[in-house]
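Note sheet for the following structure.
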Protein chains: 2
Amino acid sequence: MPPRSETSDDDAPIGRRGSYSKGVARRQEILDRALEVFRERGPEGTSLRRVAEEIGVSHGALLHYFSSREQLLLALYEHTEKHRHDLRGHEEMARQGAVGNLVEAAGVNVNLPGFVQLYSTLVAGALEEERTETRDYFIRRFERVREQTADRLRRQQEAGEVRSGLDADKLAALLVAASDGLQTQWLLEPEVDLEGTLGLFTELLRP
Amino acid sequence: MPPRSETSDDDAPIGRRGSYSKGVARRQEILDRALEVFRERGPEGTSLRRVAEEIGVSHGALLHYFSSREQLLLALYEHTEKHRHDLRGHEEMARQGAVGNLVEAAGVNVNLPGFVQLYSTLVAGALEEERTETRDYFIRRFERVREQTADRLRRQQEAGEVRSGLDADKLAALLVAASDGLQTQWLLEPEVDLEGTLGLFTELLRP
DNA sequence: GTCTATACTCGGATAGAC
DNA sequence: GTCTATCCGAGTATAGAC
């Protein structure tokens with residue numbers, strides 16, 4: 001679900017007339033260069049105009065492909081998330097419990113404070129205006145994460161690993177909320193024990 | 001702990017030479033007018049310059065009393081928090097359990113979405129720079145709220161209302177985190193049941 | 001569709017008048 | 001200490017060239 005607005009099907013490298021539209025490739029190219037700049041200097045303090053200059057396009061041209069600074073940061077977020085996702089073992093991930101999954105994700109994030117901060121900035125931005133792409137993106141994201149977590153919980157309830165009689169959907173929202181909130185506290189005070197505190201849920205949910 | 005930088009003791013209305021320094025009064029006057037503007041138009045989209053013009057001071061003068069837009073928003077937040085605090089019954093509040101207290105606070109916030117959003121904006125801003133007043137403010141705030149919550153929890157553990165064997169400090173951090181995170185989700189999707197979901201902790205913590 | 005040029009408002013810093 | 005004047009770079013919107 002990339003932030004590019006329309007171009008929703010451009011997949012056949014051969015045969016389809018036009019194949020990749022040149023614009024998408026150009027956009028990708030610009031994004032790649034921009035990611036490099038962010039990697040070196042970090043997103044904070046790196047203005048749109050600075051990035052544009054550094055990667056050799058005009059300020060206006062950059063804005064042509066990313067309609068706002070927020071959009072560019074969202075693209076950066078998505079890219080980092082993919083990388084972060086790769087850091088985790090996919091096989092084990094699948095059959096993990098809800099709490100274990102969140103704890104492990106938090107463990108990965110501990111090494112990526114910049115990522116957590118970017119997340120927080122984008123979410124706060126999403127709350128500030130009514131109908132933006134960023135807002136839609138995070139609404140969908142929360143829905144997805146809650147749903148996955150609820151599924152895990154239900155499976156664990158059936159397996160007797162988690163106490164039953166609790167609304168799995170509400171519980172999932174609570175777990176995700178706690179995870180997000182804790183990471184905020186952790187960014188402000190690194191001595192907060194992210195994984196240990198989140199792990200309390202293991203005991204709280206024991207049947 | 002108001003955001004005014006130095007002037008830390010100006011309390012005696014009589015006898016002390018100079019009594020209130022004129023600057024403090026002026027600052028308060030400007031703040032009051034600014035609060036009015038925010039009440040009418042909301043903080044988002046209300047620029048420093050617009051506020052200044054509307055209350056009849058220059059852009060520079062406003063910046064003289066509030067060294068940044070963030071400082072002004074923080075003052076707005078503190079003022080609203082005081083008002084919000086008044087909405088809650090102080091007597092009952094004191095002898096409430098940890099979960100009940102958070103649930104009730106959330107219940108008040110449900111009628112003040114702008115306040116929750118402002119909180120989220122300020123917290124995100126606090127995460128973005130290293131040594132700012134806003135950051136210090138929220139570090140202290142989280143410490144205070146966690147401590148209060150932990151105290152309640154300990155009292156409840158001794159009274160047998162909350163299951164023991166759980167680290168009250170960690171548990172407090174978890175409760176506060178869940179409360180914050182849920183309010184974020186609620187701002188994005190109002191159908192999220194803020195009080196009900198947070199109330200799950202009542203069952204989770206039962207001995 | 002791709003991009004340049006321009007203009008507007010914004011937050012913030014500075015220098016200096018009073 | 002209080003405030004005006006000015007300047008800077010930022011994000012964004014628009015018109016229009018190609």
Side-chain angles (χ1 to χ4, degrees), chain A residues 4-7 10 17-31 33-34 37-38 41-76 121-122 124-125 128-129 132-134, chain B residues 3-8 10 17-31 33-34 37-38 41-76 121-122 124-125 128-129 132-134:
Chain A
R4 55 181 105 127
S5 35
E6 310 302 49
T7 51
D10 42 87
R17 75 188 125 74
S19 70
Y20 290 114
S21 73
K22 232 182 66 182
V24 172
R26 176 80 172 122
R27 186 194 145 104
Q28 188 59 52
E29 186 194 334
I30 288 180
L31 178 55
R33 309 277 311 267
V37 176
F38 283 135
R41 313 175 101 80
E44 55 272 31
T46 313
S47 75
L48 219 43
R49 287 169 135 103
R50 288 273 293 154
V51 172
E53 190 188 7
E54 207 120 7
I55 69 183
V57 301
S58 80
H59 166 220
L62 182 52
L63 238 20
H64 178 69
Y65 291 98
F66 299 88
S67 54
S68 71
R69 182 177 140 92
E70 209 180 51
Q71 286 296 307
L72 183 57
L73 289 182
L74 186 55
L76 167 64
T121 302
L122 287 170
E128 276 170 20
E129 285 138 304
T132 63
E133 282 185 58
T134 313
Chain B
R4 56 180 105 127
S5 35
E6 310 301 52
T7 52
S8 54
D10 40 84
R17 74 188 126 73
S19 68
Y20 290 115
S21 72
K22 233 182 67 183
V24 173
R26 176 80 172 123
R27 187 194 144 104
Q28 187 59 49
E29 185 194 333
I30 288 180
L31 178 55
R33 308 276 312 265
V37 176
F38 284 135
R41 312 174 102 82
E44 56 273 31
T46 312
S47 73
L48 262 184
R49 287 169 134 103
R50 290 271 294 151
V51 172
E53 189 188 10
E54 207 121 9
I55 70 182
V57 302
S58 78
H59 164 220
L62 183 52
L63 238 21
H64 179 68
Y65 291 99
F66 298 90
S67 54
S68 72
R69 181 178 140 92
E70 209 179 53
Q71 285 297 308
L72 183 57
L73 289 182
L74 186 55
L76 167 63
T121 301
L122 287 170
E128 276 168 21
E129 285 140 301
T132 63
E133 282 185 56
T134 313

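Side chains included, hydrogens not; waters and symmetry mates left out as well; all remaining heavy atoms used. Computed from a predicted model, the values in this text were never measured in an experiment. Chain letters run A, B, ... following the sequence lines, proteins first, then strands; residues in each count from 1.
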- [ ] Could you tell me whether a side-chain N or O of R27(A) sits under 3.5 Å from a main-chain N or O of Y65(A), the two making a donor and an acceptor?
- [x]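 Flag set: sc R27(A) to bb Y65(A) pair under 3.5 Å.
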Open item on the list: Using heavy-atom distances to pick each residue's nearest nucleotide on DNA chain C, tell me which of R26(A) and S68(B) is more 5'.
Closed with: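 The answer here is R26(A).
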When the distance from [atom1] of [X] to [atom2] of [N] is rounded to whole Å, what number comes out?
X       : N       : atom1 : atom2 : answer
E129(A) : dG11(D) : CD    : P     : 15 Å
L63(B)  : dC3(D)  : CG    : P     : 13 Å
L72(A)  : dA10(D) : CG    : P     : 14 Å
E70(B)  : dC10(C) : CD    : P     : 19 Å
E128(A) : dT12(D) : CD    : C1'   : 16 Å
R27(A)  : dC3(C)  : CZ    : P     : 13 Å
E53(B)  : dG11(C) : CD    : P     : 13 Å
F66(A)  : dT12(D) : CZ    : P     : 14 Å

Does [N] have OP1 or OP2 under 4.0 Å away from a side-chain N or O of [X]?
X      : N       : result
S58(B) : dT4(D)  : yes
S47(A) : dA10(D) : yes
H64(A) : dT2(C)  : yes
Y65(A) : dG1(C)  : no

Task: Lys/Arg N to Asp/Glu carboxylate O, E54(A) vs R41(A), below 4.0 Å - done: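 Yes.
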Task: Minimum side-chain heavy-atom gap F66(B)-L73(B) below 4.5 Å - done: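 Sidechains of L73(B) and F66(B): no contact.
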- [ ] Would you indicate which nucleotide in dT4(C), dG11(D), dG11(C) comes nearest to any side-chain atom of R69(B)?
- [x] dG11(C)
Open item on the list: Base, sugar-phosphate or nothing for R49(B)? Non-hydrogen atoms, less than 4.0 Å.
Closed with: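 Base, at least one base heavy atom under 4.0 Å.
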Open item on the list: Taking side chain to side chain contact (heavy atoms under 4.5 Å, CB included) as the criterion, tell me which of R50(B), H64(B), R49(B) meets it with H59(B).
Closed with: R49(B)
- [ ] Mark yes or no for a side-chain to base donor-acceptor pair under 3.5 Å between H59(B) and dG12(C), with no hydrogen or angle criteria applied.
- [x] yes
Open item on the list: Counting only heavy atoms from other residues, nucleotides and ligands, does the tally under 6.0 Å from CD of E44(B) exceed 12?
Closed with: yes
